[in-house]
Engineer: 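I'd like to ask you about the structure that follows.
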Amino acid sequence: MVSLSSCTILVVEDHDFQRRTALRLLKELGAEKLLEASNGREALDLLVDRGEPVDIILCDLDMPEMDGVEFISHVGVNQLAKAVAVVSAMDISILNTVETMARAYGLQVLGSISKPLSLHDLTACMASFQPRDAFKDAYVTRTEFTADDLRRGLKEREFIAFFQPKVSFKTGEVQGVEALVRWFRPGHGVISPLYFIDHMEHAGLVTPLTEVLLTQTCGYLKAWAQRGFTIKASVNVSMHCLEDTSIADRLHDLVKEADCDPRQITLELTESEVMMDVAKVLNVLARLRLKGFGLSIDDFGTGYSSLQQLSNVPFTELKIDQSFVKDSPTQGRHRTIIETSLDLARKLSLRTVAEGVETRAEWDLLKSQGCQQAQGFFIARPMPGYQIPEWIRMWRAPEEC
Ligand code: C2E
Ligand code: MG
Ligand code: MG
């Protein structure tokens with residue numbers, strides 16, 4: 001355990017007695033640099049005045065003025081601490097959501113302690129603190145890891161869904177989001193799926209990952225709907241998941257248990273290079289479709305058997321790969337491929353989405369070609385789920401020229 005004497009710890013708690021108890025227990029554990037605040041607003045002012053991040057924040061959730069959830073989101077966005085620990089009498093499911101949110105900001109989460117605070121719980125919580133700079137290496141490009149690291153990461157809930165909006169070309173309306181996983185790996189920053197999805201497939205862990213992402217996505221769909229934003233979501237599914245015939249029932253049950261409807265969810269499938277058991281895969285896809293899930297063919301045009309797949313699988317959406325969208329305003333060949341793909345999709349009654357829209361010129365071109373939905377950095381980068389409602393409120397579609 002890191003010596004707490006060198007750590008600056010901020011205790012945020014509105015209840016005087018409980019705040020004093022926390023400070024006393026931390027002193028017993030050897031902490032010397034202690035700060036205190038009685039609500040989120042006061043704590044935020046203190047942190048901003050201080051000008052440098054504290055090591056650990058021990059925070060209550062239910063507080064007047066500014067509650068702990070809002071406070072932690074400010075701490076995350078403004079990088080005001082390295083780690084947080086939540087102390088609360090709240091239900092465990094709320095604590096889990098807050099933990100997930102804090103991780104999505106790149107904060108180290110030391111855990112949730114239920115009230116009343118005990119020396120035993122506090123010791124266990126503080127022992128997990130690692131004095132790294134949480135933001136220094138955010139978005140690392142490549143890192144070494146083993147199947148055990150991935151397994152542990154799943155257990156420790158280090159895989160977090162980010163969401164990228166999908167908007168209508170015609171009306172600008174936000175119609176959905178795509179869930180994209182990020183690995184918040186302690187000590188290594190945030191790792192892109194491009195570096196670990198293959199490993200997950202080989203380690204047989206991609207189905208549990210899909211379930212984690214689908215669960216997080218359903219949680220957010222409900223939270224957004226409660227705030228008045230009823231949208232749909234897409235989740236990426238590796239073809240490897242479809243080798244297990246029980247997957248259709250499992251995904252359906254998971255969505256139902258989360259109190260969502262499979263019709264709100266589209267599963268995006270990318271063609272695999274590996275030859276699969278075609279009969280088995282078609283069986284699973286047909287059953288997923290029957291249960292109400294939408295099915296999207298992702299990265300269309302990059303695989304080798306797209307046309308054959310289209311005729312066999314009950315797809316509902318076609319996503320034009322970003323490699324064709326890129327430079328389409330200047331590349332005649334890309335434009336032709338897009339035109340042909342859109343024409344095919346129309347004839348098969350599939351919704352069309354262009355991914356990787358990065359510029360106004362690409363937006364204008366795809367819109368004029370009749371593509372239905374746009375997704376890409378021109379609209380928004382993938383973001384943590386809690387940011388979606390605020391983003392939708394602020395979003396304005398590009399004006400007609
Ligand atoms: P994808 O499903 O085709 O997702 C689109 C990728 O393009 C995402 O990369 C997204 O961040 C990126 N992107 C979006 N707009 C733009 C843009 O305008 N310009 C550029 N250059 N890139 C853009 P990301 O998040 O790194 O994901 C990469 C791939 O990893 C995904 O490609 C998907 O195949 C896979 N993946 C992501 N999350 C999951 C997951 O939960 N499960 C599985 N099985 N695969 C996943
Ligand atoms: Mg996708
Ligand atoms: Mg794609």
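Because only heavy atoms are used, hydrogens play no part in the values below, and waters and symmetry mates are left out as well, while side chains stay in. As the structure lists them, so they are numbered: ligands from 1, and atoms in each ligand from 1.
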Engineer: Would you kindly say whether N236 and E178 are connected by a side-chain donor-acceptor distance under 3.5 Å?
Structural biologist: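 Checked: N236/E178 side chains pair up, N/O donor to acceptor below 3.5 Å.
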
Engineer: Is it true that atom CZ of R346 has more than 12 heavy atoms of other residues, nucleotides or ligands lying nearer than 6.0 Å?
Structural biologist: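 Result for CZ/R346: enclosed.
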
Engineer: Quick one: look at L213 and ligand 1, take heavy-atom pairs under 4.0 Å, and tell me if it's side chain, backbone, both or neither.
Structural biologist: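 The part of L213 near ligand 1 is the side chain, not the backbone.
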
Engineer: Provide the closest heavy-atom pair for A203 versus R151 in the form atom of the first, atom of the second, distance.
Structural biologist: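 Minimum heavy-atom contact is O-NH2, 4.2 Å.
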
Engineer: Answer yes or no for T270: is there an N/O/S atom below the 2.8 Å cut-off from the Mg ion (ligand 2)?
Structural biologist: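 No, outside the cut-off.
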
Engineer: If we only count N/O pairs under 3.5 Å, is N236 in contact with ligand 1?
Structural biologist: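 Yes - when backbone and side-chain N and O of N236 are compared with those of ligand 1, one distance drops under 3.5 Å.
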
Engineer: Give me the ring orientation class for W395 and W391: parallel if the planes are under 30° apart, tilted from 30 to 60°, perpendicular past 60°.
Structural biologist: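 Plane angle under 30°, so parallel.
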
Engineer: Evaluating non-hydrogen atoms only, which member of C241, S234, P193 is closest to atom 36 (N) of ligand 1?
Structural biologist: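 Result: the heavy atom closest to atom 36 (N) of ligand 1 is in P193.
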
Engineer: Could you tell me whether R381 approaches ligand 1 through its side chain, its backbone, both or neither, with non-hydrogen atoms closer than 4.0 Å?
Structural biologist: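 Neither part.
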
Engineer: For the residue pair R227 and F229, would you count it as a cation-pi contact if the rule is NZ or CZ under 6.0 angstrom from the ring centre and within 45 degrees of the ring axis?
Structural biologist: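 The answer is no; the distance or angle limit is not met.
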
Engineer: Looking only at side chains, do D148 and T146 share a donor and an acceptor under 3.5 Å apart?
Structural biologist: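 D148 vs T146: no donor-acceptor pair found between side chains.
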
Engineer: List every atom of ligand 1 that sits less than 4.0 Å from any heavy atom of S192, numbering the atoms from 1 in the order shown and giving each element.
Structural biologist: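 So the atoms of ligand 1 that pass are 26 (O).
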
Engineer: Of all the atoms in ligand 1, which lie at a distance below 4.0 Å from a heavy atom belonging to P382?
Structural biologist: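 Close to P382: 11 (O).
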
Engineer: Only to 10 degrees, please: what angle do the OD2 atom of D298 and the OD1 atom of N236 make about the Mg ion (ligand 2)?
Structural biologist: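 Output for this angle: 90°, rounded to tens.
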
Engineer: Counting each atom of ligand 1 from 1 as listed, which ones have a heavy atom of Q164 under 4.0 Å away?
Structural biologist: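 Taking each heavy atom of Q164 in turn, ligand 1 has 14 (C), 15 (N) under 4.0 Å.
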
Engineer: So, S328 side chain and R335 main chain: donor-acceptor pair closer than 3.5 Å or not?
Structural biologist: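 Checked: no pair found.
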
Engineer: Among V109, L110, V86, find the residue that satisfies the side-chain contact (heavy atoms from CB on, under 4.5 Å) test when tested with C125.
Structural biologist: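 Among the candidates, only L110 passes.
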
Engineer: Under 4.0 Å, heavy atoms only, figure out whether ligand 1 is touched by the backbone of M200, its side chain, both or neither.
Structural biologist: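 Neither; no heavy atom under 4.0 Å.
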
Engineer: Consider every N or O of I197 and every N or O of ligand 1, then say whether any pair is closer than 3.5 Å.
Structural biologist: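 No; every N/O pair is 3.5 Å or more apart.
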
Engineer: Could you measure the distance from the CG atom of L213 to the CZ atom of R182? Nearest 0.5 Å is fine.
Structural biologist: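 Spacing of CG (L213) from CZ (R182) equals 10.0 Å.
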
Engineer: Which atoms form the tightest heavy-atom contact between V353 and C371, and what is the distance?
Structural biologist: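 Scanning both residues completely, I find the closest heavy atoms to be C-SG, 3.9 Å.
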
Engineer: For ligand 1, which part of V235 has a heavy atom less than 4.0 Å away: the side chain, the backbone, both, or neither?
Structural biologist: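 Neither; no heavy atom under 4.0 Å.
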
Engineer: Could you tell me which atoms of ligand 1, counted from 1 in the order shown, lie closer than 4.0 angstrom to a heavy atom of D298?
Structural biologist: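 Reading through ligand 1 atom by atom, the close ones are 1 (P), 2 (O), 3 (O).
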
Engineer: List ligand 1 atoms under 4.0 Å from S238, heavy atoms only on the residue side.
Structural biologist: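 Here the atoms of ligand 1 in question are 44 (N).
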
Engineer: Can you tell me if an N/O/S atom from E268 lies under 2.8 Å from the Mg ion (ligand 2)?
Structural biologist: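 A backbone or side-chain N, O or S atom of E268 is under 2.8 Å from the Mg ion (ligand 2).
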
Engineer: Of the side chain and backbone of Q375, name the one, both, or neither that has a heavy atom under 4.0 Å from an atom of ligand 1.
Structural biologist: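 It is neither; nothing of Q375 touches ligand 1.
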
Engineer: Heavy-atom contacts under 4.0 Å between E355 and ligand 1: side chain, backbone, both, or neither?
Structural biologist: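 The answer is the side chain of E355.
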
Engineer: Locate the shortest heavy-atom distance separating P53 from Q79; write the atom from each residue and the value.
Structural biologist: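 Scanning both residues, the minimum pair turns out to be CB-O, 3.7 Å.
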
Engineer: Should the heavy atoms of other residues, nucleotides or ligands under 6.0 Å from CZ of R157 be counted, would the total exceed 12?
Structural biologist: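 Yes, because the 6.0 Å sphere around CZ of R157 holds more than 12 heavy atoms from other groups.
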
Engineer: Select one of side chain, backbone, both or neither to describe which atoms of L194 lie under 4.0 Å from any atom of ligand 1, heavy atoms only.
Structural biologist: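 Side chain only; the backbone of L194 stays clear of ligand 1.
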
Engineer: When the ring centroid of F145 is compared with that of W183, is the distance short of 6.0 Å?
Structural biologist: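 So the answer is yes for these two rings.
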
Engineer: When only distance counts, is F378 in polar contact with ligand 1, meaning an N/O pair under 3.5 Å?
Structural biologist: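 N/O-N/O distance under 3.5 Å: no.
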
Engineer: Which pair of non-hydrogen atoms, one from K367 and one from F169, has the smallest distance, and what is that distance?
Structural biologist: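 The answer is CE-O, 3.3 Å.
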
Engineer: For ligand 1, is there an atom lying under 4.0 Å from some heavy atom of R182?
Structural biologist: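 For ligand 1, residue contact (heavy atoms, under 4.0 Å) with R182 is present.
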
Engineer: Please state whether the separation between the Mg ion (ligand 2) and some N/O/S atom of E355 is under 2.8 Å?
Structural biologist: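 E355 does not place any N, O or S atom closer than 2.8 Å to the Mg ion (ligand 2).
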
Engineer: Of all the atoms in ligand 1, which lie at a distance below 4.0 Å from a heavy atom belonging to E358?
Structural biologist: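 The list of qualifying atoms is 17 (C), 18 (O), 19 (N), 20 (C), 21 (N).
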
Engineer: Check T210 against ligand 1 and report side chain, backbone, both or neither, counting heavy atoms closer than 4.0 Å.
Structural biologist: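 Neither part.
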
Engineer: Looking at the rings of F196 and F159, which for Trp means the six-membered one, are their centres under 6.0 Å apart?
Structural biologist: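 Yes; F159 has its ring centre under 6.0 Å from that of F196.
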
Engineer: Which atom name does E178 have for its N/O/S atom nearest to the Mg ion (ligand 2)?
Structural biologist: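 Of all N, O or S atoms in E178, the Mg ion (ligand 2) lies closest to OE2.
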
Engineer: Check ligand 1 against G376 and write out every atom of the ligand that is under 4.0 Å from a heavy-atom position of the residue.
Structural biologist: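 Listed by number with element: 15 (N), 18 (O).
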
